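Note on naming: letters A, B, ... go to the chains in the order of the sequence lines (proteins, then strands), and numbering restarts at 1 for each one. Everything numeric here is computed off the predicted structure, so don't read it as measured data.
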Number of protein chains: 2
Amino acid sequence: MVLTTAEENYLKAIYHLSDGGTKSVSTNDVAAQIKTKAASVSDMLRKLGEKEVIEYRKYYGVNITEEGKKRALQTIRKHRLWEVFLVDKLQFAWDEVHEVAEELEHIQSPLLIQRLDEFLNYPKFDPHGDPIPDEFGDVRARPRVALIEMDIDQSGQIVAVKDSSAAFLKYLDKVGAYIGARIKVLDKVEFDGSMEILVDQKKTLFMSKDVAANILAIQS
Amino acid sequence: MVLTTAEENYLKAIYHLSDGGTKSVSTNDVAAQIKTKAASVSDMLRKLGEKEVIEYRKYYGVNITEEGKKRALQTIRKHRLWEVFLVDKLQFAWDEVHEVAEELEHIQSPLLIQRLDEFLNYPKFDPHGDPIPDEFGDVRARPRVALIEMDIDQSGQIVAVKDSSAAFLKYLDKVGAYIGARIKVLDKVEFDGSMEILVDQKKTLFMSKDVAANILAIQS
DNA sequence: TTACGGTTTTAGTCTTGACTAAAAATAAAA
DNA sequence: TTTTATTTTTAGTCAAGACTAAAACCGTAA
């Protein structure tokens, strides 16, 4: 059973909105996500229901089925692999990749994706730090570690903060350590626990133990 | 002015059928090329005429305009660059690339194509030996040389034959030296002018001076 | 229990790009 | 010059995927 580009996009949106299939999703939410009108969504949900990739009860929102989840993860896998390709091989910046990957993810060729995965050396995370599902749709849980726990020379990416107070976020923004930033530990000072961090391969940043303990990263 | 995927495909077909814009093309020819019906073509020609990428006179076929030629060459450029990518980077065989490239060529991103070109090191020919237009649509004329003229260790691709008699073509087919085959000169025998040729990186072929003089190749 | 506001669905329309069947135009033959 | 064969166009449909407007439904508050 083949899905159109539009159907793939709906399914992906539903997957994301449902937190990987754990919650049910309303028509309006899908409409907002896809940037379309609720009426169009109703129509599409009926079709996706017939194809059995979602379970659709009129007026009660949708739940994604196992088959649907598998399909959505395939699309997400393709999207993220292309993002890695664009950043690692074609020197795109991360904020430039999304739209292009949004188009590339709909290319139909299992061989292409298999070979691309191989060419990229089987990456586990995309440039935003999101995990890349394997060909069976399995997603490795992403272990998050406090920046303070990372060793010298380790690379990674900032994915979240523990203390999300406005003041702290403002500080992060000011020094350029935004969510998504790729970082590398250059040095750790034994004396006060402070760290020297390379951000986006160009900017060096000094941060106190307290700051470094509040930032969560994934290692790569 | 933006062209849809379907419009790009029509334009490309017209470009090819018109021999690069030198001949006019009939509705039926386009229908055969696109594998669609003449009625559908009529409709599309009207639309392409309004967009001024072709000159359309009812019942008298179409001529591609300068603007249309430029657009067609952009699409051809994208197609051929992707083919190079698939063969050179993803280890596709040259007869596996066409369909996938047919999808990839419609991805809209000038930056993507510019970076891809750079990543592939500005290739001048695709895996079938067809020239890749530059970003302005200029196509470098492809210098063809008789196989017999090539030096040892030179690589290239068979693009045509001088003597296209059935007997000769049959012979070529039998030994596996088809049009499009990638070849490399392994050895030239001074004594009788015969050559040893590596075909598609796997098969070694011995051919007489007379045969080698009848085969035209491009060098790469 | 009924009324109301918000959500969702239905009904009907539009555009793109395909189709078939029929009409019209051109080209070739008598 | 008229007839005939071929090509091309028009007219009318269809499916996908969007839209608007109107109707139907749900949950909550009176």
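Here C/dT16 presents its C1' atom at 11 Å from NZ of B/K51, a figure rounded to the nearest Å. For A/D29 and C/dT8, the CG to C1' distance is 12 Å, given to the nearest whole Å.
Only one option out of B/V53, B/L48, B/V2 pairs with B/E7 in a side chain to side chain contact (heavy atoms under 4.5 Å, CB included); it is B/L48.
Within the 3.5 Å criterion, the main-chain N or O of B/P131 finds a donor-acceptor partner in the side chain of B/R80. Panel note: side chain B/E96, backbone B/A93; a donor-acceptor pair is recorded below 3.5 Å. Side-chain atoms of B/K78 do not come within 3.5 Å of backbone N or O of B/P110 as any donor-acceptor pair.
Side-chain contact between B/E52 and B/E67 is absent, with no heavy atoms from C-beta onward closer than 4.5 Å. Side-chain contact between B/H106 and B/N9 is present, with at least one heavy-atom pair separated by less than 4.5 Å. Using a 4.5 Å cut-off on side-chain heavy atoms (C-beta onward), A/K12 and A/E102 make contact.
Between A/Y60 and C/dT9 there is no side-chain polar atom (N or O) within less than 4.0 angstrom of OP1 or OP2.
Checked by atom type, the side-chain pair A/Q33/A/H16 shows no donor-acceptor distance below 3.5 Å. Side-chain contact check for A/H79 and A/D126: no donor-acceptor pair (N or O, by modelled atom type) lies under 3.5 Å.
A salt bridge does not link B/E50 with B/K47: none of the charged nitrogens is closer than 4.0 Å to a carboxylate oxygen.
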Protein-nucleic acid N or O pairs under 3.5 Å, nucleotides 17-19 of chain C:
unit_1: C/dG17; atom_1: OP1; unit_2: B/T4; atom_2: OG1; d: 2.5
unit_1: C/dG17; atom_1: OP2; unit_2: B/K47; atom_2: NZ; d: 3.1
unit_1: C/dA18; atom_1: OP2; unit_2: B/Y10; atom_2: OH; d: 3.1
unit_1: C/dC19; atom_1: OP2; unit_2: B/T36; atom_2: OG1; d: 2.5
unit_1: C/dC19; atom_1: OP2; unit_2: B/K37; atom_2: N; d: 3.0
unit_1: C/dC19; atom_1: OP2; unit_2: B/S40; atom_2: OG; d: 2.7

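As judged by a 4.0 angstrom heavy-atom cut-off over every strand, B/T27 is placed among residues touching the sugar-phosphate backbone only.
Axis orientation changes by 30° from one end of the helix from C/dT1-D/dA30 to C/dA30-D/dT1 to the other, with each end axis drawn from 5 pairs and the value rounded to 10°.
Nucleotides of DNA chain D with any atom under 4.0 Å from a heavy atom of chain A span, from 5' to 3', D/dA16 to D/dG27.
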